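Here the structure comes first, spelled out in structure tokens, and everything after it is commentary.
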Amino acid sequence: MDLSRSQIDKDYQNLIEELSDPEIVSDLERFEHLSRRKSQLELIITKMVVIEEIEKQISENNSIIAAGEDKELLSLASEEQNILGERKRLLETELEALVKEQTEAEPKTPTLKTAAIIEIRAGVGGDEAALFAQDLFQMYSGYARSQGWQETVLDSSPTGLGGLKEIVFELAPSSKKGENNDVFGLMKYEAGVHRVQRIPDTEKSGRVHTSTITIAVLMKPKQVKDLKINPSDLKIDFFNATGPGGQNVNKRKTAVRVSHIPSGIVIASRTERNQLQNKENALAILAAKLLDQQQFKEEFKVAGTRKSQIGQAKRSEKIRTYNFPQDRVTDHRIKKSWHHLEEILKGRLEPIINELQESFAFEEN
């Protein structure tokens with residue numbers, strides 16, 4: 001890779017132009033490659049900008065030292081030069097390592113079809129449901145860190161009390177050897193309705209409330225040859241992003257709404273302050289939903305009505321209860337309970353997911 005700033009900027013601008021082409025969504029493999037490459041170049045450019053700022057400070061200090069007019073200022077400039085020089089060397093080493101890593105990783109990184117897109121939505125229970133949606137997001141974030149996975153928030157709708165009306169995020173496999181990269185294979189068991197029973201902080205009488213959260217787990221398409229998105233089937237709108245209480249987060253129309261006309265699927269993405277990034281996020285969610293629809297139809301044709309009904313139930317059935325008064329989590333599908341609820345909500349999901357894997361292994365085969 002050419003390390004010159006001008007070439008990096010040129011490459012980045014070319015990527016932006018290609019990603020802005022409506023036709024790009026018809027080639028998911030190319031779209032995924034360009035999106036990944038864009039993120040890599042943004043990391044490199046950020047590092048370069050910091051180095052350039054340091055070089056500017058070093059040049060200004062050199063001018064002060066050369067003038068030699070103010071002894072106190074001269075002493076400060078000389079002392080700062082040593083600090084700036086060391087920081088610049090460190091950043092340059094990091095930059096070289098980053099460029100080398102991205103250059104070598106591109107052809108060697110295997111195409112993994114196990115990245116997952118998770119949707120968490122508050123159901124029955126109002127503010128308490130939204131607060132528990134936040135708790136479950138933190139639980140999955142903790143589990144993802146323990147597995148070495150990468151997490152990217154694609155869209156979210158926070159509430160004024162610190163909860164989440166909904167959040168959509170991606171969990172991607174790590175490129176490191178030895179890490180568990182079967183993200184979708186592990187997370188698919190989380191799809192369904194999660195019920196929480198606890199006393200809300202706002203409950204003065206000490207009464208236990210029951211709320212529900214709905215979770216969908218979608219496989220993120222990667223090089224899915226049969227999944228094509230026709231640009232003419234998309235309607236893309238831009239609008240102002242809003243935060244808790246409905247206030248405008250920014251004055252520019254950075255939020256994106258993508259409507260897929262044939263399926264009726266509508267995706268909104270407003271998390272990023274960058275219109276193009278929000279568009280990428282929305283298209284990633286759309287592709288995952290279209291793949292999910294396609295797989296469901298294929299399951300119905302191949303395996304018949306019963307298996308399709310099982311697959312549909314994953315989206316709507318009550319699968320798990322989190323009972324705070326009894327410090328217990330119960331999975332209703334396998335009729336098994338675990339204690340130490342607080343630890344589970346920190347991401348200690350291995351015992352539950354491992355048990356589900358073993359229980360469903362026979363049925364899935």
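Just so you know, these numbers use all the heavy atoms, side chains as well, and skip hydrogens, waters and symmetry mates. Since the model is a prediction, treat every value here as computed from it, not as a measurement. We number each residue from 1, following the sequence as shown.
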Quick check on Arg348: does its CZ atom have over 12 non-hydrogen neighbours (other residues, nucleotides or ligands) under 6.0 Å away?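 Atom CZ in Arg348 is not packed in, count stays at 12 or less.
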
Is it the case that more than 12 heavy atoms not belonging to Lys165 sit under 6.0 Å from its NZ atom? no

State whether [X] and [Y] are salt-bridged, where the test is any N-O pair (Lys NZ or Arg NE/NH1/NH2 against Asp/Glu carboxylate O) under 4.0 Å.
X	Y	result
Arg37	Glu18	no
Lys346	Glu343	yes
Glu42	Lys38	yes
Arg89	Glu86	yes

Among residues at least two apart in sequence or on other chains, which ones pass side chain to side chain donor-acceptor pair (under 3.5 Å) with Arg333?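 For Arg333 the side chain to side chain donor-acceptor pair (under 3.5 Å) partners, ignoring immediate neighbours, are Asp331.
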
Tyr189 vs Phe360 aromatic rings, parallel, tilted or perpendicular, using cut-offs 30° and 60°? parallel

What are the two closest non-hydrogen atoms of [X] and [Y], and how far apart are they?
X	Y	value
Val256	Lys279	CG2-N, 3.8 Å
Arg320	Ile352	NH2-CG2, 3.6 Å
Leu131	Leu161	CD2-O, 3.5 Å
Ala288	Leu218	CB-CB, 3.9 Å

Taking the side chain as C-beta and beyond, is there a heavy-atom pair between [X] and [Y] under 4.5 Å?
X	Y	answer
Asp135	Phe132	yes
Ile267	Val168	no
Ile65	Gln81	yes

Within 45° cone of Phe239 ring axis and under 6.0 Å: Arg257 NZ or CZ: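 So Arg257 does make the cation-pi contact.
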
